[in-house]
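To keep things clear, I will list the structure first and then write my remarks on it.
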Amino acid sequence: MAERIFGHIPNVYEGDVFESRLILSHNKVHRPTQAGISGSQKEGADSIVLSGGYEDDQDLGDVIIYTGHGGRDHNSKKQITDQTLSDKNLALALNCQNGLPVRVIRGANHKSKFSPEYGYRYDGLYKVVKYWKKKGKSGFNVWLFRLEKVDTDNRFGFEVKEETPGYSKTSRTAVTQQRINRDYSLTIKVKEIYNSHCQVCNVKLYTSAGFYAEAAHIKPLGKPHNGPDTLDNLLCLCPNHHVMFDFGGFTINDDFSLTGLEGELNINTEHKINKEFIRYHREHFAI
DNA sequence: CCCCCAAATGAT
DNA sequence: ATCATTTGGGGG
């Protein structure tokens, strides 16, 4: 199976219209041929289609209240049971938790002032900013996702803003997509190694979307630090210790003891940390 | 790998 | 309304 692409698809631009779901799929914009949500409960969702039919949807253009899937009768399409936060709904919840963008496609069957006349139109990237459940018009619970449009410059949490002038829109799209995917696969990997436990305090945070932890770069990405996107430059931390680390509240010594906090860094045998990076962090962020 | 099944389809 | 079809996710 092809790798899931988060962010723009190279050479596909906002406003591009595709004739059918099959053609959308073949262009990798939204791969499932029927399902409205493309994604997995491990990685998150890479794209959704608004195609009408979910009565609790609201389309305000730059803000969309999108209904999750499931609980419907196959023939009548009426809700007959509660939706659960699982499968593709859980995938969208992961986007919210991890700041991943989702491609939005509006179909002509979706009746709003923002839907296209015909076919399926790619409408760019949205962030999932909140999700909750409520009793829908059917009387059964539905999960709702608030989506907000991402700036056309593609600025969001995962992207490192770097000055690389003079290259075309096409190459910028490709670079953006590659960077998201590279960062994100490493994020998943370091969290897997530690099973989402903080390497400093061992805490593991439970949420409705699973476990929450953050991947922290030791030597920061981007100018002027230019730390690499590699596993030996990453830590798995709880948000408190991530903030403390980024702002020099503690540093890591060569023997992995800590300065500024009790204890030492927990390190899994399959995770090799490059000491050059913890030295860099000490030199530049300690008081 | 194989099998099962869901799915906001698309044609009849 | 009905149904053949495609695709991918998940589990064994």
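Worth saying up front: this structure is predicted, and the values here are computed from it rather than measured. We name chains A, B, ... by the order of the sequence lines, and we start the count at 1 in each one. Just the heavy atoms: all of them, side chains too, but no hydrogens, waters or symmetry mates, feed the values below.
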Reckon [X] touches a base, only the sugar-phosphate, or nothing at all at heavy-atom distances under 4.0 Å?
X        : value
A:Gly107 : nothing
A:Lys42  : nothing
A:His30  : nothing
A:Leu50  : base
A:Tyr120 : sugar-phosphate

| field | A:Asn75 vs A:Ser38, nearer the 5' end of DNA chain C by closest nucleotide | value |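 The residue mapped nearer the 5' terminus is A:Asn75.
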| message | Nearest heavy atom decides the nucleotide; on that basis, is A:His74 or A:Ser40 closer to the 5' end of DNA chain C? | response |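 Result of the comparison: A:His74.
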Where the side chain of [X] is defined as all heavy atoms beyond and including C-beta, which of [options] is the nearest nucleotide?
X       : options               : result
A:Gln41 : B:dT9, C:dG10, C:dG9  : C:dG10
A:Arg4  : C:dT6, C:dG9, B:dA8   : C:dG9
A:Ser20 : B:dA7, B:dG10, C:dG10 : B:dG10
A:Lys88 : C:dT7, B:dT9, C:dG9   : C:dG9

| task | Check whether any side-chain nitrogen or oxygen of A:Arg72 sits under 4.0 Å from OP1 or OP2 of B:dA8, and answer yes or no. | result |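 A:Arg72 to B:dA8 OP1/OP2: side-chain N or O found under 4.0 Å.
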What is the distance, rounded to the nearest whole Å, between atom [atom1] of [X] and atom [atom2] of [N]?
X        : N      : atom1 : atom2 : value
A:Asp56  : B:dA8  : CG    : P     : 14 Å
A:Lys77  : B:dG10 : NZ    : C1'   : 11 Å
A:Gln34  : C:dT2  : CD    : P     : 17 Å
A:Asn109 : B:dT9  : CG    : C1'   : 9 Å
A:Leu24  : B:dG10 : CG    : C1'   : 14 Å
A:His69  : B:dC5  : NE2   : P     : 17 Å
A:Leu22  : B:dA8  : CG    : C1'   : 16 Å
A:Ile37  : C:dT7  : CD1   : C1'   : 15 Å

| Under a 3.5 Å cutoff on both atom distances, Watson-Crick or G-U, what's the dot-bracket for DNA chain C ([ ] crossing, | other strand)? | ||||.|||||||
Say whether [X] and [Y], considering side chains only, have a donor N or O and an acceptor N or O under 3.5 Å apart.
X        : Y        : value
A:Tyr194 : A:Glu192 : no
A:His30  : A:Ser47  : yes
A:Asn253 : A:Thr259 : yes

| request: May I ask you to verify whether the side chain of A:Thr33 and the base of C:dT6 hold a donor-acceptor pair under 3.5 Å? | output: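 Donor-acceptor pair under 3.5 Å: yes.
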| task | Would you kindly check whether a donor in the side chain of A:Asp57 faces an acceptor in the base of B:dA8, or vice versa, at under 3.5 angstrom? | result |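 Such a pair is found, so the answer is yes.
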| Flag side-chain contact, heavy atom, 4.5 Å: A:Glu43 against A:Leu94 |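 A side-chain contact under 4.5 Å is absent here.
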| Min side-chain heavy-atom separation A:Lys149-A:Ile64 under 4.5 Å |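 No, every pair of side-chain atoms sits at 4.5 Å or beyond.
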| query | Using 30° and 60° as the class limits, which term best fits the ring planes of A:Tyr131 and A:Trp143: parallel, tilted or perpendicular? | reply |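 It falls in the tilted class, 30° to 60°.
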| field | Whether A:Phe250 and A:Phe245 hold their rings parallel, tilted or perpendicular, with breakpoints at 30° and 60° | value |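 Tilted.
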| Ion pair A:Asp16/A:Arg121, N-O distance below 4.0 Å |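 Salt bridge: no.
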